Amino acid sequence: MTDELIADAEFDKLIVDEPDPYPTLPFIEPGALRDGDVLMMYGIGKTKIGRVKLPISWMIRYLDGGAYSHSAVVSVIDGVPKVWDHSEGWVLHPVPLDAGIAGHAWCHVYRLQKHGQTVGSERYPAAPLVDVLEGHEGNAYDIYRLVFAGIITILSAMPRDAEMRDLLRRALILLTVVLAELWEQKKFDDRMLVCTAVAGLSYWNANNKEPHDYALEADLERRRRHHGAGPGGDAEWDKAVSEMRDLLNRIFGDFEAQLGSYRQLLAASNADWVEIGSAALPATLVSPSDLEFSRTLKRIGRLAIPPAPK
């Protein structure tokens, strides 16, 4: 089995063929960034997890149905905007803005817009949000949960395009190998976060007048539509999925239960909009598209991506 899903030349072509979905957004200067701004990005590189090289950003964007693969939260420290991101050693800490957004095709800025106010207003002062962000410093990146979420999404619906089905079938095999290796390392704990959980948890846990009054909101109905059952009728795909589910159940024991819980989560609530961090949508399950299409985040502009080092 190859340790690479897509050859570099093929991957480069995929990236070039994907234009910025919001090309009319105005550029904003870094000095205009505020505490709590959420940066939404699309990565253009491959990630090596163990011995396997995967186009994780491209796969996240395709499977999630949005424009982005990654998010980070801004905090202005000593007058300089920094980015809370999993960087060196996959550990969360504030990094320089250029370092946080480099290596991405685009970076768009989203700002809280709730009850007509934003972070820094009387209702939503910045300090509680910044305090929560600082409390997450040192949290490791939860690669296991990211890969697991990808497998669940692939198993939720068959892609309509035959070429994409073949690509994701190969991805499923590689992702399962990665997941098994990570699980065997037993390096997981409750503090581990995916990038989108940093925004979701920080806003959920920031309190001013009422508990969770900063909480972001997500469109659960949009999630139901995107993760609903896809078309059937491809015997090769069905066979590959069946074999992979059997393997996952042997490795993890409760995979079917976790898959069932995820689907029950989507079906259980009659509400279209739910708070990110609540039982209806735990922050550990929030995706980039949940933030992109949140009615409590307003897309306000873009940042210029720094040139790649020569």
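Residue numbers start at 1 and run along the sequence shown. No experiment lies behind these values; they were computed from the predicted model shown.
Note: His136 NE2 to His93 NE2 = 16.0 Å, rounded to the nearest 0.5 Å. Taken from CG in Leu129 to CD in Glu134, the straight-line distance is 10.0 Å, to the nearest 0.5 Å. Arg299 contributes atom CZ, which lies 6.0 Å from atom CG of Leu25 (distance to the nearest 0.5 angstrom). Of the inter-residue distances, the one linking His115 atom NE2 with Arg123 atom CZ reads 4.0 Å to the nearest 0.5 angstrom.
Here Ser121 pairs with Gln117 under the side chain to side chain donor-acceptor pair (under 3.5 Å) rule; sequence neighbours left out. By the side chain to side chain donor-acceptor pair (under 3.5 Å) test, Arg302 is found to be paired with Asp20, residues two or more places apart in sequence or in another chain being considered. Not a single side chain to side chain donor-acceptor pair (under 3.5 Å) links Ser75 to another residue, sequence neighbours left out.
Asp213 contributes a side-chain N or O that, together with a main-chain N or O of Asn208, makes up a donor-acceptor pair within less than 3.5 Å. One N or O on the side chain of Ser294 and one on the backbone of Glu217 form a donor-acceptor pair closer than 3.5 Å. Within the 3.5 Å criterion, the main-chain N or O of Ala102 finds a donor-acceptor partner in the side chain of His104. A donor-acceptor pair is defined here as one N or O able to donate and one able to accept, closer than 3.5 Å; no such pair exists between the side chain of Glu137 and the backbone of Leu92. Asn207 places a side-chain N or O within 3.5 Å of a backbone atom of His212 that can act as its donor or acceptor partner. Side-chain atoms of Ser202 do not come within 3.5 Å of backbone N or O of Val132 as any donor-acceptor pair. Panel note: side chain Tyr214, backbone Pro125; a donor-acceptor pair is recorded below 3.5 Å. Judged by distance alone, with hydrogens and angles left aside, the side-chain atoms of Asp37 form a donor-acceptor pair with the main-chain N or O of Arg34 at under 3.5 Å. Side chain of Thr118 to backbone of Leu112: a donor-acceptor contact under 3.5 angstrom is found. The backbone N or O of Ala215 sits less than 3.5 Å from a side-chain atom of Lys114, completing a donor-acceptor pair.
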**Request:** Evaluate side-chain contact (heavy atoms from CB on, under 4.5 Å) for Leu97 paired with Leu33, printing each intermediate quantity in order.
**Result:** CA-CA 10 Å; Leu97 179 63; Leu33 293 173; 3.9 Å; yes
**Message:** Using side-chain contact (heavy atoms from CB on, under 4.5 Å), reason through Thr196 and Ser287 one step at a time and then give a plain yes or no.
**Reply:** CA-CA 6 Å; Thr196 47; Ser287 73; 5.7 Å; no
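Using a 4.5 Å cut-off on side-chain heavy atoms (C-beta onward), Trp273 and Glu221 make no contact. In this structure, Lys82 and Val80 have side chains that are in contact, with non-hydrogen atoms separated by less than 4.5 Å. No side-chain heavy atom of Asp290 sits under 4.5 Å from any side-chain heavy atom of Asp64. In this structure the side chain of Val73 never reaches within 4.5 angstrom of the side chain of Leu39, judged on heavy atoms. Between Tyr42 and Pro288, every side-chain heavy-atom pair lies at or beyond the 4.5 Å cut-off. At a threshold of 4.5 Å between non-hydrogen side-chain atoms, the residues Pro306 and Ile101 count as touching. Under the 4.5 Å side-chain criterion, counting only non-hydrogen atoms from C-beta, Leu303 is not in contact with Trp106. Taking 4.5 Å as the limit, every side-chain heavy atom of Val130 sits out of range of all side-chain heavy atoms of Ile77.
Tracing side-chain contacts under 4.5 Å through hydrophobic residues (I, L, V, M, F, W, Y), one never reaches Leu281 starting from Trp204; they form parts of separate clusters. Tyr124 and Leu291 end up in the same hydrophobic cluster when Ile, Leu, Val, Met, Phe, Trp and Tyr side chains are linked at under 4.5 Å.
Taking each heavy atom of Ala283 and Gly200 in turn, the nearest pair found is CB-C, 4.1 Å. The two residues Ser69 and Gly43 make their nearest non-hydrogen contact at OG-N, 3.0 Å. What you find for Gly79 and Pro81 is that their closest heavy atoms are O-CD, 4.0 Å. Of all heavy-atom pairs between Ala126 and Asp35, the closest is CB-OD2, 3.6 Å. The two atoms that bring Arg111 and Ala32 nearest to each other are NH2-O, 3.1 Å, heavy atoms only. Closest non-hydrogen pair, Ser71 versus Met40, comes out as CB-SD, 3.5 Å.
Counting only N and O atoms by type, the side chains of His70 and Asp85 include a donor and acceptor under 3.5 Å apart.
Ring geometry for Tyr22 against His108 counts as perpendicular: the plane angle is over 60°, on a 0 to 90° scale with 30° as the lower cut.
For Arg61 and Tyr68, the positive end is not near the middle of the six-membered ring at less than 6.0 Å and at most 45° from its axis.
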